[in-house]
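I have placed the structure first, in the form of structure tokens, so that the comments after it can refer back to it.
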There are 2 protein chains.
Amino acid sequence: MNDLFESANTIKDELYRQLSRIGKCLSSDKRLEILTLLSQGPKTVEKLAAITGMHFANVSRHLQILLEAKLVTFTKNKTHAIYSLADPAVVDLLTSLWRLSEKQLADIAKLKDGFMNELDDVQTLSMEEVYDKINTQSILLLDLRPKEEFEIGHIPGAISVPMEELDSFMRELQKDAEIVAYCRGPLCVYSAIAAHKLKDEGFNAYRMDEGLNEWQQHFNNAKVPEASSSDKPPRRQ
Amino acid sequence: MNDLFESANTIKDELYRQLSRIGKCLSSDKRLEILTLLSQGPKTVEKLAAITGMHFANVSRHLQILLEAKLVTFTKNKTHAIYSLADPAVVDLLTSLWRLSEKQLADIAKLKDGFMNELDDVQTLSMEEVYDKINTQSILLLDLRPKEEFEIGHIPGAISVPMEELDSFMRELQKDAEIVAYCRGPLCVYSAIAAHKLKDEGFNAYRMDEGLNEWQQHFNNAKVPEASSSDKPPRRQ
DNA sequence: CTATAATTCAATCAATTGATTGAATAGTTG
DNA sequence: CAACTATTCAATCAATTGATTGAATTATAG
């Protein structure tokens, strides 16, 4: 009968080793960034390298590690490998990790507060506040991510204004528009920069910290009305 | 204006570094085990060392790492340091990690199936099935964890039968009892061993893979009726 | 077929992490 | 106070991981 307990212990140890296979993937800041980028849509190695600023071969190596742990998959298109997250549960894990880190690590608040203080006129709205504004007012909800990511999925009612197009977009915008900008989520501060620029140009602008993933998890795919001033009907995810 | 984008990138990189502080904690199987044990209640270093089989000083070192990342806290009682999880969100992260690992890593299913095949008469019930049995039948729900863990919290209606007391408990048990046994959760296979022993002795016994944490997350602290054959009123968590 | 592009693989070195041993520290008891 | 207990810290070595460079592989186009 002691055999059974020894077996139980061996199994338990091995189960924890399996758990740490995925745990190890989360130990690298670079891999966390790659996973987050892939949570916004499939991407080539080249694209990931460009966004993260990492060497090509290093990105590839991190991806092989994520592949081995079954966190990502890829398809081939000509000479390109297109990587994606292997399962939506990866997003759940990433947001759980973010939630805990944000709660426990004071350094994170310091970092974000410090940056926001540099842009001292920028106001952040919660998801509920944004949802209310969509319901009760005429606002422009700007998705600042690259178009390919917008097309994969976006908050209903949002319009796509990739960051590098913001300047030209502003030039054609009516001054009385009320604007909320969002980007990839809490680890991306582009929404703050955009809101700051818009306010500098006299617009009534806010930012939302969260991105599409957080929105979906929060509203659990509940039906959300479309922003009333949308020019073209946004394609539903 | 390029300064802002450089700042944004610097902030982004630093935010990912912060995220990886907690990510790094998850890269060790031993630390995952420690965190899971602490999710069942506060413990001394000594106790953790005894359960995990690790050297004393090694446990202490892992705990210092978890302390630095704010995943655990401790209080002093005489010469003893009692460690606890710093926040319930740690449990959320652990279960999210488990869910993903279980889904993605075939080796886990192989491990558990292999062990269950050794105990080929053991039947596993889902949490819903257990909940139904509690509602509709007279069952004994056995919590196999140490008493201290049971007292911190347990599934309503469960009675405490620590693993090492199972043999004596069986001797005083009516043969017609219907029994469901649970332990610390999916990474602990003691429930299978207990159900196997009970069935060997002629009892009508099942196991539940999940533990208290999973039960609470699943039923979201919904009110669950007490098992009708409970001898003493279980203390509510 | 050759040249090119995108990616992976292998080798190497640097950096980090895990485990152990023994010393140091803090608290308690007789 | 001395002796003991529980834990942490420091030093050391082994193991693992991260980053870089360059070679190898795969797919495509002319």
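Predicted model only: the values in this text are computed from it and were never measured. Chain naming here is simple, since letters A, B, ... match the order of the sequence lines and numbering starts at 1 in each.
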* **Distance in angstrom units between B/Lys47 NZ and D/dA6 P, rounded** => 13 Å
* To do: Output the single nucleotide from C/dA19, D/dC9, C/dT7 whose closest atom is nearest the side chain of A/Ser60.
  => C/dT7
* Report the distance from atom CZ of B/Arg61 to atom C1' of D/dA14, rounded to the nearest whole Å. => 13 Å
* Asked: Has the side chain of B/His218 got a donor or acceptor atom that lies under 3.5 Å from a matching backbone atom of B/Glu214?
  -> no
* A/Leu66 has an atom CG; how far is it from atom P of C/dT8, in whole Å? -> 12 Å
* **Pairwise 5' ranking along DNA chain C for B/Ser28 and B/Lys78, keeping only the more 5' one** => B/Ser28
* **Ring geometry between A/Trp215 and A/Phe219 (parallel below 30°, tilted from 30 to 60°, perpendicular above 60°)** => tilted
* Length of the line joining A/His62:NE2 and C/dT8:C1', which is rounded to integer Å -> 15 Å
* For the pair made of CD1 in A/Ile34 and C1' in D/dG18, what is the distance, rounded to whole Å? -> 12 Å
* Consider the side chain of B/Ala57, meaning its heavy atoms from C-beta on, and name the nucleotide among D/dA6, D/dT8, C/dC9 that approaches it most closely. => D/dT8
* Which part of the nucleic acid, if any, lies within contact of B/Phe74, taking any heavy atom under 4.0 Å across all strands shown: a base, the sugar-phosphate backbone alone, or nothing? -> nothing
* To do: Report yes if at least one side-chain N or O of B/Tyr83 is closer than 4.0 Å to OP1 or OP2 of D/dA6; otherwise report no.
  => no
* Check whether the side chains of B/Gln18 and B/Arg21 place a donor and an acceptor atom closer than 3.5 Å, and report yes or no. => yes
* What nucleotide, of C/dT8, D/dA27, D/dT8, holds the atom closest to the side chain of A/Thr79? -> D/dA27
* **Most 5' of B/Ile82 and A/Arg31 on DNA chain D, judged by nearest nucleotide** => B/Ile82
* Asked: Under 4.0 Å between a side-chain N or O of B/Lys24 and OP1 or OP2 of C/dT16?
  -> no
* Structure fact -> A/Leu63 atom CG is separated from D/dA19 atom P, nearest whole Å, by 13 Å
* Between C/dT7, D/dA27, C/dT8, which nucleotide gets closest to the side-chain atoms of A/Thr44? -> C/dT7
* Does a salt bridge link A/Arg99 with A/Glu102, judged by any charged N lying under 4.0 Å from a carboxylate O? -> no
* Describe the nucleic acid contact of B/Lys76 in one word from base, sugar-phosphate, nothing, applying a heavy-atom distance below 4.0 Å. => nothing
* To do: Please determine if B/Glu33 and A/Lys12 form a salt bridge, counting it only when a charged side-chain N lies under 4.0 Å from a carboxylate O.
  => yes
* To do: Take atom NE2 of A/His80 and atom C1' of C/dT4, then tell me their distance rounded to the nearest Å.
  => 12 Å
* Nucleotide C/dA6, atom P - distance to CG of A/Asn77 in whole Å -> 12 Å
